[in-house]
Amino acid sequence: TAASWGQTIAEKTKVVLSCNTGAALLGLGYIVGLKYAFIIFAGSIFVWWIVIPLMGTYGNETLMALSPDALFKDYARMIGIGGIAMAGVIGIVKSWPIICNAVGLAGREFKGGAKKATEIRWQTDLSMKKVVFFIVLALIVVLLFFRLGDFYEMFFEDALLVSKELELTLTGRECGLSERAPMCGVPYHSAESYIDRLIKRGYKVAICEQMENPSLAKGLVKREITRVVTPGTLIDSSLLEEGSNNYLCCVCWQKEGCGLAFADVSTGEMNVTQLPGGDSGPVLGELGKFAPREVVFNEGLLDQPKITAFMKEKLSCTADILPEELFSAAAAQLEILRQFKAKNLTSLGLVEMPAAVAALGALLAYLRQTQRVGLERIQEIHLYSDKQFMRLDLTARRNLELTETIRGRERRGTLLWVLDKTRTSMGSRLLRSWLQRPLVDPVAITHRLEMVSWLKDDSLARGELQALMKEIGDLERLISR
């Protein structure tokens with residue numbers, strides 16, 4: 001409600017807001033103002049209807065002349081307008097430190113306007129008598145896992161929701177308010193399983209860790225959000241399938257073309273392409289190839305109902321709209337050059353690909369907001385054209401049963417199940433990608449066949465290689481962690 005009111009105020013006053021939480025801050029000031037408006041209005045009624053008549057009763061004819069019967073109709077509107085105006089001023093004054101704090105932090109976070117603040121900072125005393133939290137312009141709505149000793153605790157609305165979703169016991173603690181704060185928690189050593197259940201149900205989880213030893217801390221224990229876990233940014237092996245990539249996709253739909261960027265944070269893989277504009281078919285084909293678990297996109301994609309329906313009904317992935325400023329040419333270029341330590345886009349092969357640049361830049365900005373560490377693993381960009389691979393829509397893929405069966409959506413009985421004799425998880429993922437994206441270039445096909453033929457013909461070398469690979473772990477994901 002606060003965000004809705006604040007948004008209305010912002011639109012009427014021509015205030016440009018970068019996210020809905022900015023509107024919520026204005027809404028907060030508006031609600032504070034309403035509280036004082038009620039107090040002032042009630043006080044006015046008390047004065048006009050009780051104080052003045054009582055004083056007039058004791059012989060003050062001047063005050064008696066100002067009786068409510070004579071003047072209430074004329075001055076009631078003035079009192080109401082004056083009270084609300086004064087309440088509005090008080091509301092702005094009361095909420096001004098919050099707005100200034102948010103703007104100041106946002107300015108430090110987004111140098112040059114290239115990023116958007118996404119930070120939730122919590123501070124608490126060790127006795128948990130009082131919880132103080134500062135919410136700074138948030139881009140995404142998440143559930144907060146707040147580390148307290150050997151547990152991750154959830155409070156207030158988060159506790160109510162998580163206790164219902166995970167069937168946890170709901171308790172309460174004193175927090176300085178009139179009512180006890182709802183609370184629930186999970187042991188930190190087994191938190192991954194609980195997080196996995198929430199992620200599979202479409203939620204996002206912010207992990208707030210203790211950054212210092214509580215026994216050595218003076219005053220409040222320093223805490224920070226280390227990462228935000230989303231379906232497309234999982235890195236824990238226990239939450240991932242060994243033989244499958246976990247892709248996060250960013251789509252930027254523009255008139256001149258559609259840019260797509262697919263990232264697997266767990267392995268450091270980054271695939272980027274740009275498709276011709278105006279046709280949703282190729283976009284659906286690319287989404288079907290990579291099957292991302294999470295998709296972020298610009299507002300322009302909302303005008304393509306086929307794509308949005310495909311993501312919801314066929315992919316069953318999490319989808320979010322990112323702010324338009326993240327897709328601007330300047331912001332996207334800044335993110336790309338910063339990530340890949342390049343001097344210009346020419347060295348990265350991204351010249352004359354504005355939609356691809358926008359998609360890649362926005363994806364990197366989103367990852368920087370949710371993953372505080374680990375992005376250094378993404379060091380290379382794989383630029384590709386959809387013409388390099390055979391075009392197969394999702395229906396054809398499922399009918400061919402390349403990676404899952406039609407009836408049970410299982411791996412057993414598929415072409416991948418028959419062919420996958422790999423010795424490592426890395427090899428299994430590579431083989432899966434080959435089946436999902438068949439080559440069409442004769443030169444590339446011949447080169448791949450020559451490598452396979454060499455291994456097939458040299459049984460001694462193949463046996464030695466297989467023995468060595470049995471001792472190798474999943475290096476791609478180990479490095480990312």
Side-chain angles (χ1 to χ4, degrees), residues 1-6 20-21 23-25 27-32 34-36 38 91 94-95 97-99 101-102 105 117-195 197-199 201-215 217-229:
T1 304
S4 176
W5 290 353
N20 284 337
T21 309
L25 290 173
L28 177 62
Y30 187 58
I31 290 175
V32 173
L34 285 180
K35 181 181 73 172
Y36 285 93
F38 175 79
K94 290 285 185 181
S95 60
I98 301 175
I99 297 174
N101 184 41
L105 288 171
T118 57
E119 184 172 357
I120 306 174
R121 295 180 178 176
W122 287 65
Q123 296 179 343
T124 177
D125 58 3
L126 297 179
S127 63
M128 281 303 298
K129 292 181 179 178
K130 185 177 181 182
V131 176
V132 183
F133 56 93
F134 301 96
I135 302 180
V136 182
L137 299 180
L139 176 63
I140 53 179
V141 178
V142 298
L143 301 173
L144 183 67
F145 271 44
F146 190 72
R147 179 69 179 273
L148 281 175
D150 293 334
F151 286 82
Y152 285 114
E153 302 286 358
M154 282 68 68
F155 301 94
F156 300 104
E157 290 82 1
D158 286 0
L160 297 174
L161 190 151
V162 172
S163 64
K164 180 179 179 181
E165 292 286 351
L166 302 183
E167 298 181 353
L168 301 177
T169 301
L170 185 67
T171 61
R173 300 191 70 162
E174 297 297 334
C175 61
L177 301 177
S178 57
E179 297 181 359
R180 290 162 60 89
M183 184 186 75
C184 67
V186 299
Y188 84 94
H189 54 79
S190 60
E192 290 80 6
S193 61
Y194 295 99
I195 293 174
R197 291 166 61 186
L198 290 172
I199 294 299
R201 299 184 184 187
Y203 296 104
K204 301 177 181 181
V205 179
I207 307 298
C208 184
E209 294 285 0
Q210 297 174 164
M211 306 308 292
E212 58 183 344
N213 190 333
S215 61
K218 296 181 179 179
L220 298 179
V221 178
K222 182 180 179 181
R223 289 180 171 86
E224 291 183 4
I225 291 184
T226 55
R227 63 190 176 102
V228 178
V229 184

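Nothing here was measured: the structure is a model prediction, and the numbers come from that model. Residue numbers start at 1 and run along the sequence shown.
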Point to revise | Set of residues satisfying salt bridge (charged side-chain N to carboxylate O under 4.0 Å, His left out) with respect to E192, sequence neighbours excluded | key: none
**Study point:** Minimum-distance pair of heavy atoms, taken over all atoms of G185 and F151
**Key:** C-CD2, 4.5 Å
Revision key, fill the gap. The reported gap from CE in M154 to CG in L148 (rounded to nearest 0.5 angstrom) is 10.5 Å
Practice item. State whether the side chain of T171 and the backbone N or O of M183 hold a donor-acceptor pair below 3.5 Å, judged by distance alone. Key: yes
Review point. Roughly how far, to the nearest 0.5 Å, is CG of L168 from OH of Y194?
Key: 6.0 Å
Check your understanding: What distance separates L160 CG from L170 CG, expressed to the nearest 0.5 Å?
Key -> 5.5 Å
Review point. What is the minimum heavy-atom distance between R223 and Q210, and which atoms define it?
Key: NH2-OE1, 3.1 Å
Practice item. Name the orientation class of the two ring planes belonging to F146 and F155 (parallel below 30°, tilted from 30 to 60°, perpendicular beyond 60°). Key: perpendicular
Review point. About how many Å separate CZ of R147 and OG1 of T226, when rounded to the nearest 0.5 Å?
Key: 10.0 Å
Exercise for review: Could you walk me through whether V186 and I195 pass side chain to side chain contact (heavy atoms under 4.5 Å, CB included), step by step?
Suggested key: CA-CA 10 Å; V186 299; I195 293 174; over 6 Å; no
Exercise for review: For I199 and V229, work out which heavy atoms get closest and say how close.
Suggested key: CD1-O, 3.4 Å
Check your understanding: Between C184 and T169, what is the shortest heavy-atom contact and its length?
Key -> CB-O, 3.5 Å
Check your understanding: Rounded to the nearest 0.5 Å, how far apart are OH of Y152 and CD of E209?
Key -> 3.0 Å
